[in-house]
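Just so you know, residue 1 is the first one in the sequence shown, and it goes up from there. Whatever order the structure lists them in is the order used to number ligands and atoms, beginning at 1.
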Amino acid sequence: MGDNTDIKILPVLTLRGLAVFPYMVLHFDVVREKSIAAIEQAMVGNQEIFLVAQNDPKADEPHIEDIHEVGTIAKIKQILKLPGNNIRVLVEGLSRGRMLEYIKEDPYFEGKVEACRDPEMEKVNLEQEGLMRSLLDLFDDYVKISSRLAPETLVSVSTVNDPGQLSDIIAANVLVKMEDKQDILDAIDITDRLERLYDILSREIEISRIERRIAGRVKKQIDKVQREYYLREQLKAIQKELGEYDSTVGEVEEYKSNLESANLPKEVKEKAFKELEKLSRMPSASAEGTVVRNYLDWIIDLPWNDETVDNTDMKIAAKVLDEDHYGLYKVKERILEYLAVKNLTKTMKGPILCFVGPPGVGKTSIAKSIARALNRKFVRMSLGGVRDEAEIRGHRRTYVGAIPGRIISSIKTAGSKNPLFLLDEIDKIGSDFRGDPASALLEVLDAEQNYAFRDHYLELPFDLSKVMFLTTANTLDTIPRPLLDRMEIIRIPGYTEDEKLNIAKQYLIPKQLKEHGLPEDGIMMSDNTIRDIINYYTREAGVRELERQIAAVCRKAARRVAEMGTKRVRITSSNLRKYLGIPIYSYDRADEEDEVGVATGMAWTPVGGDTLFIEATPVPGTGKLVLTGHLGDVMKESAQAAFTYIRSKAKEFGLEPNFHETIDMHVHVPEGAIPKDGPSAGITLTTAMLSALTEIPIRRDVAMTGEITLRGRVLPIGGLKEKTLAAHRAGISTVIIPHENIKDLEDIPDNIKNKLDIVAVKNMDEVLKLALVEMPEKSKNE
Ligand code: ADP
């Protein structure tokens, strides 16, 4: 090829978005008719064709002005007919060519093309040599950075020694943009070509670097998100496969919106969302999922920030309290004071009130009424038999089936964080190996601590400081000391007959009429009839039994109304039996005969006062004292003292000085199931024993209470009010009390005092004079 240029007449194929470099073999499909005609023409000749790019790759029929000047002279190596008149051609670039002039436009372009071959190798100058090396280095970099080229390309490129060929191969492999390719094609001069390529390649490398950096940054972010996304999708697929998948996603969304709208404190919300996060990763049917779901339900349901607005109007409060309960002045007064203080100080701190009294006196129902008066929600929790700390404070969630303790459960029931919370039967709280519920309760009641009460299940502090706690108890004896210290005691001792009558008339009967669907005047019952119910059908300090009997009357009356169409039912003392059966209790003890060796005592019990009988009988023996009837130690000692007193005074009572040597004294207190203790039966024991020994009967209508000393002095006792009420209930007419208890008579309602003959005594002689039918004569043996 001696000559660098020569001119040929060649058919022209315009290329769209494609450039063919010399030494390059490639195939492309030809669609346009003009192009196919050009190829056909070439095949007729020596298979050479001029391939040149058109300016606008989109133009189907480019004009001559729209075609580049420099292109490639190529040899068609192969043609393949494709369906639909298309042709695939395989061409090999021979050299650059420059269009000198077109001589034909139709049916194909044809023109005079000047072939521009690169000069021979020997002519490589130093400048070109240098550029070549730099270019190779650059290409090396490019291959490393760009992922588009196989590393082998570098090897094959580095074996090329011809600078023109080298730049064309590199350009063919690297360049993407049509302008760049054309730019290189246009550079017929080799030095120029090397320089242009160097510039383009440097730019490409810079772009690649930036691309990589950005990709790296984005990838890092995307990677994490995608990784989790893929894992979760995979998990879902697995769960679906196992049949465990359901709409956990929907569920999680639902929890999310419920938690958002639940008005939770910050700490609670954070914890809840952490749990929710856990849930979203669990298979929905898993046991653990259920645990978390339960937990979230609790969190959503608890009134973390829900409060009711207190009624601060004292007049309304007083009215409500009076509406619901008769009497109970002390309680009502205390509550109003409490309210007044609260209105002034705006805090709820203060002692916790504890209502102490026998069953059925209205402790629970007054608490309910207080809630109504204050406009608070009411919840009640019975502490009877609570032995386990976990009942108060809950179990940790690691326990199977764990739930919160009863405090938190009750708060949930209340639905507000400031309910009136009644802790019923606080005296029945126990403690054993499962922990001490009382100490947990202390924390609940302590105003300094309860703003952040921790339930084991919730593991979150709940604010109990706005709760108004009230407690009830039957007795103070069994309340743990620290708890007792925290409470202010209000005693509700039990009602007199008159009070019961009023309660029945004003509260119980109207209430029962309503409950049984009877009109307000559905029953006609005189006061005396009500008194009969109180006396013959009930024996209690409170009015629970009375309410039950009244309910029974109403039930029967309702039946009459329904069956016989009676409008009003009249209940009298004489037809009361038809409604309530035969009387359960006999009222009038005075009717019964006076007996030898049976004395009536009065006892205080947690369920109010009661009368009890003490029986004494001498049996042949050796001077022993036999005590039965489940007596406590103090009572046993009291019996010893009584026996010794009698022995020491044997002569005065007309007994043999050593009467005891031939007998055993058996003392029995019936109703053995009820534990009895305390010293207050001293004088009763003495009276019973002496009566048994002297065979002088004891008056049946006399009841007594008092401790005895060995010298026969009578010492004071406690619970006088309950005891006298009980005596009155039992139909006693004379009550013997220790002289020092006179001060306590103040508490006893006047109508009781009027009906009972209450005698205060200082010594045993006075007791005997009142209790025995006659006084024993002094021993005749003297
Ligand atoms: P406690 O809790 O002391 O055992 P309750 O509160 O259960 O007693 O009272 C028993 C019933 O007697 C209730 O129906 C209550 O309304 C009624 N009651 C008790 N005391 C009174 C009272 N002073 N006035 C009206 N009803 C009363």
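Shown here for Leu476 and Arg491, the closest heavy-atom pair between the two residues is CD1-NH2, 3.5 Å. Listed here is the closest heavy atom pair of Pro437 and Val386: CG-O, 3.6 Å.
Note on Arg481 versus Asp485: salt bridge recorded, some NZ/NE/NH1/NH2 to OD/OE distance being below 4.0 Å.
Residue Ser365 has at least one N or O atom closer than 3.5 Å to an N or O atom of ligand 1. Checked by distance only, ligand 1 and Ile366 stay at 3.5 Å or farther apart across all their nitrogen or oxygen atoms. Note: an N/O pair closer than 3.5 Å links Val361 and ligand 1 by distance alone. For a threshold of 3.5 Å applied to N or O pairs, the pair formed by Gly362 and ligand 1 contains at least one separation below that value.
The backbone N or O of Tyr579 sits less than 3.5 Å from a side-chain atom of Lys556, completing a donor-acceptor pair.
The aromatic rings of Tyr507 and Tyr326 lie perpendicular to each other, with more than 60° between the two planes, well past the 30° mark.
Contact annotation for Arg544 and ligand 1: only side-chain heavy atoms (C-beta onward) come within less than 4.0 Å of the ligand.
Ring centroids of Phe421 and Phe469 are separated by less than 6.0 Å, placing the two rings close together.
Those atoms of ligand 1 that come under 4.0 Å of a heavy atom in Pro359, given as number and element, are 4 (O). Close approach of ligand 1 to Asp324 is summarised as follows: ligand atoms under 4.0 Å from at least one heavy atom of the residue are 25 (C). Of all atoms in ligand 1, numbered sequentially from 1 with element shown, those under 4.0 Å from a heavy atom of Lys511 are 14 (O), 16 (O). With ligand atoms numbered from 1 in the order given, ligand 1 contributes 1 (P), 2 (O), 3 (O), 4 (O), 6 (O), 8 (O) to contacts under 4.0 Å with heavy atoms of Lys363. Those atoms of ligand 1 that come under 4.0 Å of a heavy atom in Tyr507, given as number and element, are 25 (C). Near Glu547, meaning under 4.0 Å from any of its heavy atoms, are these atoms of ligand 1: 11 (C), 12 (O), 13 (C), 14 (O). Those atoms of ligand 1 that come under 4.0 Å of a heavy atom in Thr364, given as number and element, are 1 (P), 2 (O), 6 (O). Atoms of ligand 1 found under 4.0 Å from any heavy atom of Tyr495, numbered from 1 in the order shown, are 20 (N), 21 (C), 22 (C), 23 (N).
Of the listed residues (Leu546, Val543, Ile550), just one forms a side chain to side chain contact (heavy atoms under 4.5 Å, CB included) with Thr538, and that residue is Leu546.
Cation-pi geometry between Arg577 and Tyr536 is not met at under 6.0 angstrom from the ring centre and within 45 degrees of the axis.
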Leu339/Met314 under side chain to side chain contact (heavy atoms under 4.5 Å, CB included): CA gap, chis, key distance, verdict: CA-CA 7 Å; Leu339 199 63; Met314 310 264 298; 4.0 Å; yes
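Considering only non-hydrogen protein atoms, atom 21 (C) of ligand 1 sits nearest to His325 CD2, 3.6 Å.
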